[in-house]
Amino acid sequence: MRRRGTLATLSALFLCSAVIRVGAEIEVPFAFADTSALPVACPPAQEAEEVLAAFAVREANLDAREDRLNARETTVAEAEAEITARLNELRRAEESLTATLALADGAADRDIERLTTVYANMKPRDAADLFAQMEPAFAAGFLIRMPPDAAALIMAGLEPETAYAISVTMAARHVGVPTN
């Protein structure tokens, strides 16, 4: 049964092929055709020239616009490269500044620690005379860094008002710091 279906299909294909070949060889004589009903293929010469001129103007405008866009694209690319270069310079400068500030902060901390040690090792009466001349906030910064026994001896040698002002400054240092 399968063979019959295959043979029928092949026969139909051969028949279609023959019909197509015969149909392709038939020529229609145009001499007998009525050409008056056919549309005119080309517009008159004047209209064609106007259309071509309009196309030429449009093409020139598009070319000029493309040139402007290409120039703008080049300018933008150059500006982006310049901005990137400057940003890289700024990053390097910031890193250098950060390193310099870290060195300065470290040096300042070492200087303050050294000065605190000097004040702590002074005779309490001499240190008290020196601390009496300082602003309370400035004096509090040194006293907080000192061992408590050395700070107590210096505070004992101060006038009561001065010792009180320094104590209030020391106690209020972390009042505004959030606890959560």
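Small disclaimer: the values here were computed from a predicted structure and weren't measured. Count residues from 1 along the sequence. Note: hydrogens, waters and symmetry copies are ignored here, and every other heavy atom, side chains too, is used.
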Next item on the list: Give the cluster check for Met134 versus Tyr164: same hydrophobic cluster or not, with ILVMFWY residues linked at side-chain heavy-atom distances below 4.5 Å.
Entry: no

Checklist line | Ile166 to Ala139 - nearest heavy-atom pair and separation | finding: CD1-CB, 3.6 Å

Margin query: Side-chain heavy atoms nearer than 4.5 Å, only ILVMFWY residues, links allowed to pass through others: does that put Val168 and Met170 together?
Written below: no

Next item on the list: Return each pair, listed once, that meets salt bridge (Lys or Arg N to Asp or Glu O under 4.0 Å) where at least one residue sits in residues 151-160; pairs must be two or more places apart or across chains.
Entry: none

Notebook entry, point to check: Do the side chains of Leu158 and Leu153 join up, straight or via other hydrophobic residues, at under 4.5 Å, putting them in one cluster?
Noted result: no

Check: ring pair (Phe, Tyr, Trp, His ring centres under 6.0 Å) with Phe138: which residues, sequence neighbours excluded?
Finding: Phe142

Note to self: Test of understanding: with side-chain hydrogen bond (donor to acceptor under 3.5 Å, both in side chains), list the residues that count as partners of Glu135, not counting sequence neighbours.
What the structure shows: none

Check: Who passes side-chain hydrogen bond (donor to acceptor under 3.5 Å, both in side chains) against Asn88, sequence neighbours left out?
Finding: Arg91

Next item on the list: Would you confirm whether Ser96, through its side chain, and Arg92, through its main-chain N or O, come within 3.5 Å as a donor-acceptor pair?
Entry: no

Next item on the list: Over all heavy atoms of both residues, which pair between Met155 and Ala163 is shortest? Give the atoms and the distance, please.
Entry: CE-O, 3.4 Å

Notebook entry, point to check: Considering all heavy atoms of both residues, which atom of Thr169 and which atom of Pro136 are nearest to each other, and what is their separation?
Noted result: OG1-CB, 3.9 Å

Notebook entry, point to check: Are any side-chain N or O atoms of Thr116 and backbone N or O atoms of Ile112, one a donor and one an acceptor, separated by less than 3.5 Å?
Noted result: yes

Next item on the list: Not counting sequence neighbours, list each pair that qualifies as a side-chain hydrogen bond (donor to acceptor under 3.5 Å, both in side chains) and has a residue in residues 67-84.
Entry: Glu82-Arg86

Notebook entry, point to check: To the nearest 0.5 Å, how far apart are CZ in Arg110 and CG in Asp105?
Noted result: 10.5 Å

List the atom pairs, donor and acceptor, that lie under 3.5 Å between side-chain atoms in residues 117-128 and the rest of the protein, sequence neighbours left out.
from   : atom 1 : to     : atom 2 : distance (Å)
Thr117 : OG1    : Glu113 : O      : 2.8
Asn121 : ND2    : Thr117 : O      : 3.1
Arg125 : NH1    : Gly157 : O      : 2.7
Arg125 : NH2    : Asp129 : OD1    : 3.0

Notebook entry, point to check: Nearest 0.5 Å, what's the CD-CG distance between Glu59 and Asp63?
Noted result: 5.5 Å

